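Here's the structure we're looking at; comments come further down.
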Amino acid sequence: MSELLRAEHLVKEFPVKGGVVHAVSDVSFAIQEGETLGLVGESGCGKSTLGKLVLDLIPLTSGKVFFDGRDLSALRGEELRALRRGMQMIFQDPYASLDPRMSVGRIIMEPLNAHHIGASRAERADMVRVLMEQVGLRPEFYSRYPHQFSGGQRQRIGIARALALNPRLIICDEPVSALDVSIQAQILNLLSDLQRQRGLTYLFISHDLNVVRYLSDRVMVMSLGQLCETAPTEALYAAPRHPYTRFLLDAVPQPDPSRRNEERALLTGEVSSPVNPPSGCRFHLRCPFADERCAAEKPELKDLGDGRFCACHHPLGV
Amino acid sequence: MKFLSKDKYTRTLSDQIIAAEIQPDEGVWMSIRHMFRVNRAALLGLILIALIVLMAVFAPLITRYDPNEMDLMSMNEPPSAEHWFGTDDLGQDVFTRVVFGGRISLMIGFVPSLISLVLGTALGLMAGYMGRHVDNVIMRLADVVLAFPSLLLAMVVMYTLGSNILNMFIALSIINWAGTARVVRAQTLSLKEKEFVEAARSMGVSRWTIAFRHILPNCLPNLIVLFTLDIPAAIMWESSMSFLGVGDPNAASWGLMVSQGKDYAYMCPWLILAPGLAILFTVMAFNFLGDGLRDAIDPYMKT
């Protein structure tokens, strides 16, 4: 497996009244070709911002993104557009991400038009129909409008649109969190089928730990704009190293009634503000294991072996 | 035990069905059709407008007189079977002049509204979409126009350029474009943050394609409303200016007829009543239609 995407020291700060929102602070990671990297974290921790930074949808404050070994910030114009064809995005809200005044056919055709793919409109329309079939939409729906579809079907439209340019990497920004649970499974299965058929690489962003576990090979945990922990999926769910990960996992509702009485560690207190994040480890104010060192010194992401990385002065179980 | 009576239950259910019927998801055209079924005033406006337009288009077929033909044997005659709305001081048939005046007044309603629609949309789109300096320059210009009392500004333009119908178009366009530009700019600002625009950007769709394929079509329903409300405003401005004597003296619009008839108003009230009522009905018809359209489109645009 070769490395498809590498992000180095990504920083995004939004100036606001009375300070700066540190949305993403010095995040580095890499995605291997063909794998699914899950990205979890609570609301407002900067997950979506990170996804958009990778795609250059919002400008970086600092840092670099390499796609297929090439530095995106060094490229301009047509070259950049051509390289970015390889990266597409599936959006969270299947209602807001489709233009209500465009037919499904035109929505899926839009990326083909933008990159002048296909010799004629008829040829592009044929490509659109093939794509619709691949994502489980009937090609007869070609001239219908988004409002005539259900949430799950709309998300299929979004997926077909993302596939149109035959990308290698797809950033899935909470693709199922707006859907009913029964539909979620269908969309997740579709995503994993497409990955097998096309050898896709996913950066899968979600706040739902079960969803991430189902799809991901590796998982990154993010909190307040920083990475806490990265590990192979099963290892992370079995034995989290970062206290924050532990609390996240314990917060997942337990569906098995016989295990509901098991002791669970639950967090108290407010999430710290990203405007003036706490010094040192940003989690130290809420962490039961924190000491003076955590308040003073920012923990770096350390290699714990077996593909696990953790940014904590007192990792669990070590 | 309390329970919902069947009557109450069906009523709640039908409320829900009605609510579902005007769901934003139904699309803007469906909601306009629904509005015409419910809002009788808007429907009346639409029918009136159709009648007035037909009247203006087929003017020579409706009346047997020539609007400029003078008959000095029958001056200032009250309404009769011969002259439905009477005659004026030159013996011209007032009904004929109202019918033909509709051509001028409708033209004065449509042309400047269309010009200011195109101009305001283009400038508003540029301001909202390009932002920064372009936005500043265009919107400050709009502020200047809006800061002047409209009638005064239009009169100054007419005085400067001269009183003819072409300059009337220019004057009315100048006072009208700024409002359209503001609306389009505001809508562009909100639309360009929408996720589907972000999606288009992520796919590498060019800036101008986004502006014309995504933003402009989504502004369209509001532009239709603005257009229908601009028309009666333009007719009113023109009438006011003609009444005050800065209109085109050769274009026999309804406003000019009122102006010319005012000297005989006590003796021959039909001279101002006929064109005055024509203005009233036309303006009201467009306002009813525009208000109805706005109501139909507003909830759709809120989502």
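Only a predicted model underlies this, so the values are computations on that prediction, with no experimental measurement involved. In what follows, every chain begins at residue 1, and chains take the letters A, B, ... in the order their sequences are listed.
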More than 12 heavy atoms of other residues, nucleotides or ligands under 6.0 Å from [atom1] of [X]: yes or no?
X      : atom1 : answer
B/R140 : CZ    : yes
B/K192 : NZ    : yes
B/M236 : CE    : no
A/R121 : CZ    : no

Considering all heavy atoms, the nearest [X]-[Y] contact:
X      : Y      : result
A/S97  : B/A199 : O-CB, 4.1 Å
A/D99  : B/R213 : OD2-O, 3.8 Å
A/H115 : B/M203 : NE2-O, 2.8 Å
B/E195 : A/A96  : CB-O, 3.6 Å
A/P100 : B/F196 : CD-CE2, 3.7 Å

*Relative to chain B, which of A/Q88, A/M89, A/R106 shows the most heavy atom pairs under 4.5 Å?*
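Among A/Q88, A/M89, A/R106, the one with the most close pairs to chain B is A/Q88.
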*Just give me the residue among A/I107, A/D93, A/N113 that pairs up with chain B most often, heavy atom to heavy atom, under 4.5 Å.*
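The candidate making the most pairs under 4.5 Å is A/D93.
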*How far does CD of A/E110 sit from CD1 of B/I210, to the nearest 0.5 angstrom?*
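If we round to the nearest 0.5 Å, A/E110:CD and B/I210:CD1 are 7.5 Å apart.
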*Got a salt bridge between A/K52 and B/E198, using NZ or NE/NH1/NH2 to carboxylate O under 4.0 Å?*
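A salt bridge is present here (some side-chain N lies under 4.0 Å from a carboxylate O).
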*Non-hydrogen atoms of chain B under 4.5 Å away: do they reach the side chain of A/L57, the backbone, both or neither?*
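Contact with chain B: backbone and side chain both.
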*asked:* Is B/S202 close to chain A through its backbone or its side chain, or both, or neither, when contacts mean heavy atoms under 4.5 Å?
replied: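 For B/S202, heavy atoms of backbone and side chain both lie under 4.5 Å from chain A.
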*N/O donor-acceptor pair under 3.5 Å between B/H214 side chain and A/M102 backbone*: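 Not confirmed, B/H214 side chain does not pair with A/M102 backbone.
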_Pairs of heavy atoms under 4.5 Å with chain A: top-ranked of B/P217, B/S206, B/A200_ =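 Of the options given, most contacts go to B/P217.
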